[in-house]
Amino acid sequence: MKHIIPDPLRVVGVSLIALSFAVTVAVAQKTDNPALAPAPVTSPAEKAAIESFENHVKDYVKLRNKVRETAPKLSKDATPEQIHAYRTTLEESLRNARKGARRGDLFKPDITSFIRRTLKNEFQGRDRKEIRDIAFETELKGVVLRVNYPYADSAEQSEMPATLLAKLPQLPKEVRYRFVGSNLILVDRESNVILDFMPDALP
Amino acid sequence: MRRFVNAKILLVAFIVAGFSISAPAQKINGNSGARSSAPSSPVKLTLPLKDGSLRFAVIGDTGTGSSQQHALGSMMAKYRAVFPFEFVLMMGDNMYGGEKPKDFEKKFAGPYRQLLADKVKFYASLGNHDQALQVNYEHFNMNGKDYYRFKKGDVAFYALNSNYMDKKQVEWLESELAKDTSEWKVCFFHHPPYSSAKKHGSDSQLREVVEPIFLKHGVDVVLTGHDHVYERIKPQKGIYYFVSGAGGKLRTGDIKDSSPLTAKSFDGDMHFMLFEVTGDEMHFQAISRTGQTIDSGVITRRKKS
Ligand SMILES: [Fe+2]
């Protein structure tokens with residue numbers, strides 16, 4: 001028996017199919033480069049580890065944004081003196097507010113295993129060599145790898161390629177990843193305070 | 001015969017790309033002219049200086065505060081007297097080795113004092129030596145953002161942060177370019193997707209991500225730094241790439257000999273670039289610290305569908 005769909009419904013149906021296709025295309029436009037696909041999450045435990053990490057980072061951002069209120073306001077056309085005053089106040093206040101911070105507060109064992117596995121599996125051969133070259137050619141003079149210490153102003157900051165950042169758990173704009181040799185660190189973007197680090201992240 | 005076939009292939013490639021350029025391919029050998037006492041050449045403009053054209057300069061890897069950076073800044077001011085450019089694009093590494101208030105003076109405001117006094121605007125991008133808060137600096141016009149777009153005449157400019165190309169930035173770039181109907185689209189950022197320098201060379205991780213976006217959305221010209229040399233890359237899939245990373249640092253002899261990428265290169269002294277856009281033509285001139293023209297030419301805009 002042949003199903004006959006009344007015309008108005010057929011139109012709606014076709015429109016919905018077209019719409020869903022359009023949405024798929026629109027989404028695909030943003031993510032169609034396979035190099036930017038997120039790393040595969042292989043188990044519920046990994047999914048939970050990522051969520052937990054992202055929540056801990058969000059908690060940090062809440063704290064830093066509260067602390068930031070004590071720093072002088074910074075305009076988008078500030079003088080060097082205003083930038084310096086903002087930066088040093090933010091750094092001091094953040095360090096005071098996180099006096100008890102320790103390595104592993106954010107990079108807990110479950111998320112570090114996920115990151116290590118991701119970097120090992122997703123970057124092989126020439127890609128792996130290039131990422132290692134980028135990390136190891138960075139000049140680190142003055143950098144003290146210690147939680148709650150500022151990353152040295154005078155030191156270079158390793159490039160973080162898009163292909164790599166796409167695979168790591170996503171961060172809010174206030175926090176950034178960076179390499180110090182084979183260590184992966186988390187820094188506060190504006191104050192450059194080291195929030196946490198995981199040793200031997202690079203395979 | 002083989003040479004003829006190669007020339008024919010090149011010609012076809014140019015036609016397919018829809019670009020034409022009037023400058024020959026070659027490497028200018030280093031002349032170790034980086035001493036601040038090197039004599040200056042007289043100002044010699046190769047640009048058309050047409051009424052109503054858009055004029056700007058390009059510098060990269062500047063922030064050392066050295067006497068050579070000052071000399072280059074003075075040479076830019078000298079050229080501006082005959083070629084009044086409106087603004088300067090900065091390719092990143094705007095300040096090396098620290099950013100206390102005195103560093104902003106020593107490594108930026110001092111060397112470009114004349115240009116700043118003449119109300120020339122600077123638009124910066126960030127390099128691997130730059131701190132995040134440069135985005136708030138009054139003279140860098142970044143409006144608190146490490147990636148941003150602005151438009152001048154028929155040209156849209158996209159400053160990117162190639163040191164931290166996260167997904168948010170890639171998506172922003174893609175969506176901004178997709179709706180951009182400007183005649184010309186120019187992207188500028190620190191790390192070069194193509195470079196023949198020995199120290200860093202082509203950043204293929206970056207290229208893998210940005211090149212498909214540039215191609216899809218009709219980017220015409222890409223300006224970069226990081227390698228402390230000058231290089232004009234042969235058009236890659238129709239896009240013109242420049243490396244201009246010797247505005248304050250120089251790596252003499254760093255360009256690989258006979259690189260298939262090079263249209264023209266120079267690693268004998270520091271340099272800056274001048275651009276003039278008039279209709280479908282973008283003229284460029286690269287000038288050394290001593291005022292010598294090291295490259296010049298014109299890019300004709302390809303037709304966009
Ligand atoms: Fe650099």
Side-chain angles (χ1 to χ4, degrees), chain A residues 26 29-36 38 74-88 90 123 126-127 130-131 133-134 137-139 141-142 151-168 170-174 176-178 187-192, chain B residues 93 95-105 108-109 126-146 161-175 178 190-191 199-213 216 226:
Chain A
Q29 185 170 347
K30 285 190 172 179
T31 54
D32 57 5
N33 188 335
L36 293 177
L74 187 64
S75 73
K76 288 168 184 172
D77 51 358
T79 63
E81 289 74 18
Q82 288 166 338
I83 292 172
H84 185 67
Y86 172 82
R87 158 81 207 275
T88 47
L90 182 63
F123 297 93
R126 203 191 67 174
D127 288 346
E130 278 174 4
I131 286 182
D133 287 350
I134 285 170
E137 76 179 10
T138 306
E139 287 166 32
K141 202 175 160 197
Y151 186 93
D153 242 13
S154 53
E156 194 183 334
Q157 302 172 11
S158 66
E159 180 195 352
M160 297 300 289
T163 46
L164 178 88
L165 289 173
K167 304 278 184 258
L168 295 173
Q170 299 301 293
L171 295 176
K173 66 179 188 307
E174 293 86 352
R176 294 210 154 159
Y177 292 111
R178 194 176 295 163
V187 288
D188 181 84
R189 187 177 69 89
E190 290 187 330
S191 69
N192 238 346
Chain B
D93 283 357
M95 266 175 269
Y96 289 97
E99 300 188 9
K100 300 227 161 36
K102 67 174 175 12
D103 294 306
F104 284 78
E105 170 61 29
F108 176 73
L126 298 184
N128 48 314
H129 287 271
D130 297 318
Q131 304 291 322
L133 288 173
Q134 282 187 25
V135 301
N136 292 78
Y137 178 41
E138 56 186 339
H139 290 307
F140 283 175
N141 293 295
M142 300 175 81
N143 204 24
K145 303 262 192 312
D146 56 350
N161 180 1
S162 59
N163 211 51
Y164 203 87
M165 185 67 72
D166 61 6
K167 258 184 156 173
K168 282 187 209 100
Q169 184 179 182
V170 175
E171 286 171 2
W172 170 85
L173 176 66
E174 177 119 43
S175 70
H190 190 59
H191 299 80
K199 172 71 179 173
H200 300 298
S202 303
D203 189 329
S204 53
Q205 299 270 343
L206 176 67
R207 189 169 75 213
E208 196 181 341
V209 172
V210 294
E211 188 178 56
I213 299 174
K216 186 171 168 187
H226 196 43

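Below, chains carry the letters A, B, ... as their sequence lines are ordered, and counting in each starts from 1. Note that the structure is a prediction, hence the values are computed from the model and not measured.
Per-residue counts of heavy-atom pairs under 4.5 Å with chain B were compared for A:E130, A:R189, A:E139; the largest is that of A:E130. In terms of heavy-atom pairs under 4.5 angstrom with chain A, the leader among B:P212, B:G144, B:G98 is B:G98. Top candidate by heavy-atom pairs under 4.5 Å with chain B, chosen from A:M160, A:E81, A:R87, A:K141, is A:M160. Counting heavy-atom pairs under 4.5 Å between each of A:N192, A:I83, A:L168, A:T88 and chain B puts A:I83 at the top. In terms of non-hydrogen atom pairs under 4.5 Å with chain B, the most contact-rich of A:L164, A:T138, A:D127 is A:D127.
Taking the side chain as every heavy atom from C-beta outward, A:R126 and B:S204 approach each other to under 4.5 Å.
Residue A:R178: no heavy atom, backbone or side chain, is found under 4.5 Å from chain B. The contact between A:S158 and chain B is made entirely by backbone atoms, counting heavy-atom distances below 4.5 Å. With a 4.5 angstrom heavy-atom cutoff, A:Y86 touches chain B only via side-chain atoms. In this structure, chain B has no heavy atom under 4.5 Å from any part of A:D133. Only the side chain of A:Q170 has a heavy atom closer than 4.5 Å to any heavy atom of chain B. Interface residue A:L171: backbone and side-chain heavy atoms are both found under 4.5 Å from chain B.
Heavy atoms only, all atoms of each residue included: B:D130 and A:Q157 are closest at O-NE2, 3.5 Å. When all heavy atoms are compared, the tightest approach of A:L36 to B:K167 is O-CE, 3.2 Å. The heavy-atom pair separating A:S75 from B:N136 by the smallest distance is O-ND2, 3.0 Å.
Shown here are the side-chain contact (heavy atoms from CB on, under 4.5 Å) partners of A:S154, two or more places apart in sequence or in another chain: A:A152. Residues meeting the side-chain contact (heavy atoms from CB on, under 4.5 Å) test with B:H139, sequence neighbours left out: B:F108, B:L116, B:Y137.
A donor-acceptor pair shorter than 3.5 Å can be found between the side chains of A:E156 and B:N128.
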